[in-house]
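We name chains A, B, ... by the order of the sequence lines, and we start the count at 1 in each one.
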Protein chains: 2
Amino acid sequence: MRKTIDTREAILERAVDLASTDGLEGLTIGRLAGELEMSKSGLFGHFGSKEDLQIATIERAGRRFIGRVVEPAYRSTPEGAERLRALVNGYIDHMAEDIFPGGCFWAAASAEFDGRPGPVRDAVKDAMAAWLAELERQAEAAGADDPKQLAFELHALAAGANQRYQLFGDPEAFEHARRGIERLLG
Amino acid sequence: MRKTIDTREAILERAVDLASTDGLEGLTIGRLAGELEMSKSGLFGHFGSKEDLQIATIERAGRRFIGRVVEPAYRSTPEGAERLRALVNGYIDHMAEDIFPGGCFWAAASAEFDGRPGPVRDAVKDAMAAWLAELERQAEAAGADDPKQLAFELHALAAGANQRYQLFGDPEAFEHARRGIERLLG
DNA sequence: CCTACCGATCGGTAGG
DNA sequence: CCTACCGATCGGTAGG
């Protein structure tokens, strides 16, 4: 039992990385099995379908993001302006550190599935909605005039930095984003 | 000759739409041929490889964007602040009008290929670079303090609106983007 | 522009 | 968790 769970976790860790570079559709059972040196059917048995694997991968990416960005911000800052800044800067830091190879998992998954209705798209949507709601909550606690507007702009700057950095390999992207964030928050 | 060119153009028009929803990798020769009611090899003959088809599709999407966004802005406004506003608002309008089904072609293509070096990625990069350079040029003509920073933020707001609108189907995304743009330009 | 193929890979199943 | 398969589809080719 233990080992089965461990194997499943190991599969999903690799799956998140593979999906970050090649997309959730490019995440094929055969390639994933090959990289983990197990048979296709052995891997397949941990999931009921490719769709289930994709959804489990999205959930796993969500836990990684929470562990690396959200929890540190909660531990180090009080609710409000400070936590809002820590969340957005943490998001940017984790892009700059290439924690998801191939760029932000969420930007990729969102662009890939936004036009394809179904449970995979819904899983991406739920994760993004939770992140935006968290930003709005902290913006409200910070006493922002328009918390939704602020959350939108902060996320747009971070997502814009990811797109620019991934495409041009230009670390200046992060500087631009940070400057915009400081102008909004400071 | 004429007809060969027309056929090629028709193929690429469908290809841009298909790639907008299913990605440049999901753009398969078989599906495209099926939708156009021609044989795979008949379609394939217009291109030398799938990669060539992808690059030709990117170029075609670029011409569509220029025709629908850039040229109207040039015709209706003088260089500088007015043209900058017209370009960014035109970009947002063309997202809201669903000119690319499945969301902005560029956001999708960029996220899909940013982690895969090669000529396809380079074609996406060149198109995005030309767009950002155009924004920077108009920002400079408008007398902005930091034209690169302004261009980055304007594009980020527009791209953020696309992501949000495509994922949540929420037209408020465009209002948020327009509000941010007015604050930056006004 | 077509028919008729090729080897490789896809998601998924049978049976152990 | 495996081997051994299935039908479908992939990009691409031969030959006309």
Round to a whole Å and report the spacing from CD of A:Glu37 to P of D:dC1. 14 Å
According to side-chain hydrogen bond (donor to acceptor under 3.5 Å, both in side chains), who are the partners of B:Gln166, at least two apart in sequence or on a separate chain? none
Residue pairs involving residues 28-62 of chain B (criterion ring pair (Phe, Tyr, Trp, His ring centres under 6.0 Å); sequence neighbours excluded): none
What does the 5'-to-3' dot-bracket notation of DNA chain C look like when only Watson-Crick and G-U wobble pairs under 3.5 Å count, and pairs to other strands show as |? ||||||||||||||||
Once side-chain hydrogen bond (donor to acceptor under 3.5 Å, both in side chains) is applied, do any residues pair with A:Gln163, and if so which ones, sequence neighbours excluded? B:His155
According to ring pair (Phe, Tyr, Trp, His ring centres under 6.0 Å), who are the partners of B:Phe113, at least two apart in sequence or on a separate chain? none
Taking D:dT13, D:dA4, C:dC1 as options, the one with an atom nearest any side-chain atom of A:Ser41 is D:dA4
Grab the CG-P distance between A:Leu43 and C:dT13 for me, whole Å please. 15 Å
Results of salt bridge (Lys or Arg N to Asp or Glu O under 4.0 Å) for A:Lys50 - residues two or more places apart only: A:Glu25
Got a list of protein N/O to nucleotides 6-11 of chain D N/O distances below 3.5 Å?
residue, atom, partner, partner atom, Å
D:dC10, OP1, B:Thr28, OG1, 2.8
D:dG11, OP1, B:Lys50, NZ, 2.8
D:dG11, OP2, B:Ile29, N, 3.1
D:dG11, N7, B:Lys40, NZ, 3.1
D:dG11, O6, B:Lys40, NZ, 3.3

Would the base of D:dT3 count as contacting A:Ser39 through its side chain, where contact means a donor and an acceptor less than 3.5 Å apart? no
With sequence neighbours excluded, what pairs up with A:Asp122 under the side-chain hydrogen bond (donor to acceptor under 3.5 Å, both in side chains) test? none
Residues forming a side-chain hydrogen bond (donor to acceptor under 3.5 Å, both in side chains) with B:Glu59, sequence neighbours excluded: none
When B:Phe65, B:Trp106, B:Phe105, B:Phe152 are each screened for ring pair (Phe, Tyr, Trp, His ring centres under 6.0 Å) with B:Trp131, the one that passes is B:Phe65
Output the residues of residues 54-61 of chain B in contact with DNA chain C, where contact means a heavy atom of the residue under 4.0 Å from an atom of the strand; sort by number or write none. none
Name the residue from B:Leu27, B:Ile58, B:Leu24 that meets the side-chain contact (heavy atoms from CB on, under 4.5 Å) definition with B:Leu53. B:Leu27
Applying side-chain contact (heavy atoms from CB on, under 4.5 Å) to A:Glu140 and not counting sequence neighbours gives A:Pro147
Would you mind reading off the distance between A:Met38 atom CE and D:dC1 atom P, rounded to a whole angstrom? 5 Å
Considering only distance and modelled atom types, tabulate donor-acceptor pairs under 3.5 Å from the side chains of residues 168-178 of chain B, sequence neighbours left out.
residue, atom, partner, partner atom, Å
B:Asp170, OD1, B:Glu172, N, 2.9
B:His176, ND1, A:Gln149, OE1, 2.6
B:Arg178, NH1, B:Asp93, OD1, 3.1

